[in-house]
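Notes follow the structure.
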Amino acid sequence: MPTAHSAALSYRSAVEADVPELVALVESAYRGDASRSGWTTEADFLDGQRTDPDGVREVIANPDGTLLVVERSGELIACCQLEHRGDHVYFGMFAVRPGLQGGGLGKEIMAEAERRARETWGAKQMRMTVVNVREELIAYYVRRGYERTGELSPFPYGDARFGVPLRDDLAFELLVKAL
């Protein structure tokens, strides 16, 4: 059920002209001092970049998905990746501007992403991977109906495109939600 708050949000697929602003948004939500004003920061265990222009362009260009841009009053405030992968949709690159986190936007955007996954691709399941040491973030997704699978995949140590790890016990945990 839409709220007055949700009426102010608009959704569209990202385009090439959005790349610089999307990179800045994702970086601000996850890395460096700016990210510390929100609760999604990874700055305590990952340094370096979270993404780069080429990584964002790759998501935009993927014919099996979209990089969903969320705007309020024409201002880009959030984004998320939806990628159709057979029987499920992968949810990634989720970022909400740090100063706007904690007010319910993430929950609202995830509900819209899940609706689009069902309606656009007939997906029966949404999947995501989360850095395993992000207990607070994993708990957030569990409250949104995602289940921990315990299935881990290795963190890409040595690949600076994913950041510079500050600890040696990082992995990605698969979370799933039936749609």
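Proximity of Met110 to Tyr141: side-chain heavy atoms (C-beta onward) are separated by under 4.5 Å at one or more points. Looking only at side-chain heavy atoms (C-beta outward), Leu22 and Leu67 come within less than 4.5 Å of each other. Side chains of Pro165 and Phe155 form a contact here, defined as non-hydrogen atoms less than 4.5 Å apart.
Between the Glu27 side chain and the Thr51 main chain, a donor and an acceptor come within less than 3.5 Å of each other. Looking only at distances, a side-chain donor or acceptor of Tyr157 sits under 3.5 Å from a matching main-chain atom of Leu170. Judged by distance alone, with hydrogens and angles left aside, the side-chain atoms of Asn132 form a donor-acceptor pair with the main-chain N or O of Asp169 at under 3.5 Å.
Taking all atoms of both residues into account, the shortest heavy-atom contact from Tyr11 to Glu108 is OH-O, 4.0 Å. The two residues Ile109 and Cys80 have their closest heavy-atom pair at CG2-SG, 4.2 Å. For Pro98 against Ser28, the heavy-atom pair with the smallest separation is CG-O, 3.1 Å. Here the shortest heavy-atom pairing between Ser13 and Thr66 reads OG-OG1, 2.7 Å. Nearest heavy atoms, Val130 versus Arg134: CG1-CB, 4.0 Å. Closest of all the heavy-atom pairs between Met126 and Ala117 is CE-CB, 4.1 Å.
Taking CG from Leu25 and SG from Cys79, the interatomic distance works out to 5.0 Å, rounded to the nearest 0.5 Å. Atom CD in Glu147 sits 11.0 Å away from atom CG in Leu174 (nearest 0.5 Å). Rounding to the nearest 0.5 angstrom, the gap separating the CD atom in Glu21 from the CG atom in Leu76 is 4.5 Å. Taking CZ from Arg127 and CD from Glu83, the interatomic distance works out to 12.0 Å, rounded to the nearest 0.5 Å. In this structure, Leu82 CG and Asn62 CG are separated by 11.0 Å, a value rounded to the nearest 0.5 Å. Of the inter-residue distances, the one linking Leu175 atom CG with Glu151 atom CD reads 10.5 Å to the nearest 0.5 angstrom.
Residue Gln125 places its CD atom among more than 12 non-hydrogen atoms of other residues, nucleotides or ligands, all under 6.0 Å distant.
For the salt bridge (charged side-chain N to carboxylate O under 4.0 Å, His left out) criterion with Arg116, the lone passing option out of Glu114, Glu112, Glu119 is Glu112.
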Begin from the C-alpha positions of Val15 and Ile60 and carry the test side-chain contact (heavy atoms from CB on, under 4.5 Å) through to its verdict. CA-CA 7 Å; Val15 295; Ile60 291 172; 5.8 Å; no
Verify side-chain contact (heavy atoms from CB on, under 4.5 Å) between Arg97 and Glu75, making sure each step is shown before the conclusion. CA-CA 11 Å; Arg97 186 169 293 164; Glu75 183 181 6; 2.4 Å; yes
Arg57 and Glu16: CA distance, side-chain angles, deciding distance, side-chain contact (heavy atoms from CB on, under 4.5 Å) verdict: CA-CA 7 Å; Arg57 282 187 191 97; Glu16 172 67 29; 2.9 Å; yes
Stepwise, does the side-chain contact (heavy atoms from CB on, under 4.5 Å) test hold for Leu105 with Arg72? CA-CA 11 Å; Leu105 277 173; Arg72 185 188 305 154; 3.5 Å; yes
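Classification of Asp18 and Arg12 as a salt-bridged pair holds, one side-chain N sitting under 4.0 Å from a carboxylate O.
Note: Trp121 and His84 have parallel aromatic rings, judged against thresholds of 30 and 60 degrees for the angle between ring planes.
Qualifying side chain to side chain contact (heavy atoms under 4.5 Å, CB included) partners for Val142, counting only residues two or more places apart in sequence or in other chains: Ile138, Arg148.
Val176 and Phe94 are not part of a single hydrophobic cluster, where members link through side-chain heavy atoms under 4.5 Å apart.
Remark: Arg85 is positioned above the aromatic ring of Tyr90, its terminal NZ or CZ atom under 6.0 angstrom from the ring centre and at most 45 degrees off the axis.
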